[in-house]
Amino acid sequence: MGRGVSCEAIKRCGQCDQAERVPVRRAKLSERNHKVALVLGVPMEECPACGERWLAWDVAERLDEMLNSMLAGDIEVATRHYATDLEAA
């Protein structure tokens with residue numbers, strides 16, 4: 001029989017292996033062509049020991065869509081809240 005990977009091993013930080021990843025909400029910033037886009041409250045996991053962060057695929061895809069849309073406009077600095085934008089979608 002094959003050995004499976006335990007849930008504890010999946011939650012361990014793959015970068016430093018010193019702590020378990022914890023769910024947090026953080027800001028993500030992107031800059032392109034002298035424009036800045038900031039999305040607040042993005043859900044992710046973070047290692048409390050080294051600060052490494054992970055995004056779920058669906059969160060990363062939505063964040064990418066949001067940032068691209070914000071940077072495509074005429075506004076030099078755009079800010080949105082992740083949760084608020086989801087409710088409007």
Side-chain angles (χ1 to χ4, degrees):
M1 291 172 71
R3 294 188 314 185
V5 177
S6 70
C7 289
E8 293 80 24
I10 293 172
K11 291 299 222 175
R12 255 350 243 174
C13 176
Q15 189 70 22
C16 71
D17 197 33
Q18 297 298 309
E20 290 188 6
R21 305 180 323 197
V22 294
V24 295
R25 289 189 176 269
R26 298 283 186 252
K28 292 296 284 183
L29 179 99
S30 184
E31 185 177 0
R32 185 185 317 146
N33 298 328
H34 307 289
K35 296 179 184 177
V36 175
L38 176 66
V39 179
L40 302 169
V42 179
M44 60 186 72
E45 290 185 336
E46 182 179 78
C47 174
C50 72
E52 185 73 15
R53 295 179 179 163
W54 295 266
L55 295 172
W57 281 110
D58 59 328
V59 173
E61 288 174 347
R62 181 71 188 126
L63 180 62
D64 189 51
E65 290 172 6
M66 290 176 69
L67 291 170
N68 284 332
S69 171
M70 293 164 72
L71 292 168
D74 293 332
I75 299 172
E76 288 183 23
V77 179
T79 305
R80 288 189 191 157
H81 289 270
Y82 185 86
T84 303
D85 197 69
L86 274 180
E87 292 167 5

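- A search for salt bridge (Lys or Arg N to Asp or Glu O under 4.0 Å) contacts involving R25 returns nothing, not counting sequence neighbours.
- L71 shares a hydrophobic cluster with no other residue; no ILVMFWY side chain has heavy atoms under 4.5 Å from its own.
- Partners of D17 under the salt bridge (Lys or Arg N to Asp or Glu O under 4.0 Å) rule, at least two apart in sequence or in another chain, are R12.
- In this structure, L29 places its CG atom where more than 12 heavy-atom neighbours from other residues, nucleotides or ligands lie under 6.0 Å away.
- Checked for salt-bridge contact, E46 and R21 miss the test: no charged N lies under 4.0 Å from a carboxylate O.
- V39 is listed as a side-chain neighbour of L63, based on a closest heavy-atom distance under 4.5 Å.
- Qualifying side-chain contact (heavy atoms from CB on, under 4.5 Å) partners for S69, counting only residues two or more places apart in sequence or in other chains: R80.
- Closest of all the heavy-atom pairs between G41 and Y82 is O-CB, 3.6 Å.
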- Determine, step by step, whether L40 and K28 satisfy the side chain to side chain contact (heavy atoms under 4.5 Å, CB included) criterion, reporting the C-alpha distance in whole Å, the side-chain angles of both residues, the deciding distance to 0.1 Å, and the verdict. CA-CA 7 Å; L40 302 169; K28 292 296 284 183; over 6 Å; no
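- A heavy-atom distance below 4.5 Å is not found between the side chains of E76 and V36.
- Between atom OG of residue S30 and atom CE of residue M70 there is a gap of 9.0 Å, rounded to the nearest 0.5 Å.
- Under a hydrophobic-cluster definition in which Ile, Leu, Val, Met, Phe, Trp and Tyr are linked whenever side-chain heavy atoms come within less than 4.5 Å, directly or via other members, V22 and V42 are assigned to the same cluster.
- For A49, the side-chain contact (heavy atoms from CB on, under 4.5 Å) partners at least two apart in sequence or on another chain are C16, Q18, A19, C47.
- Not a single salt bridge (Lys or Arg N to Asp or Glu O under 4.0 Å) links E31 to another residue, sequence neighbours left out.
- The CG atom of L38 sits 5.0 Å away from atom OG1 of T79, with the distance rounded to the nearest 0.5 Å.
- Minimum heavy-atom separation, P43 to V59: O-CG1, 3.5 Å.
- Of the inter-residue distances, the one linking R53 atom CZ with Q15 atom CD reads 13.5 Å to the nearest 0.5 angstrom.
- Nearest approach of C13 to W54, heavy atoms of both residues: SG-CH2, 3.6 Å.
- Under the 3.5 Å distance criterion, the side-chain polar atoms of N68 are matched with a main-chain donor or acceptor of D64.
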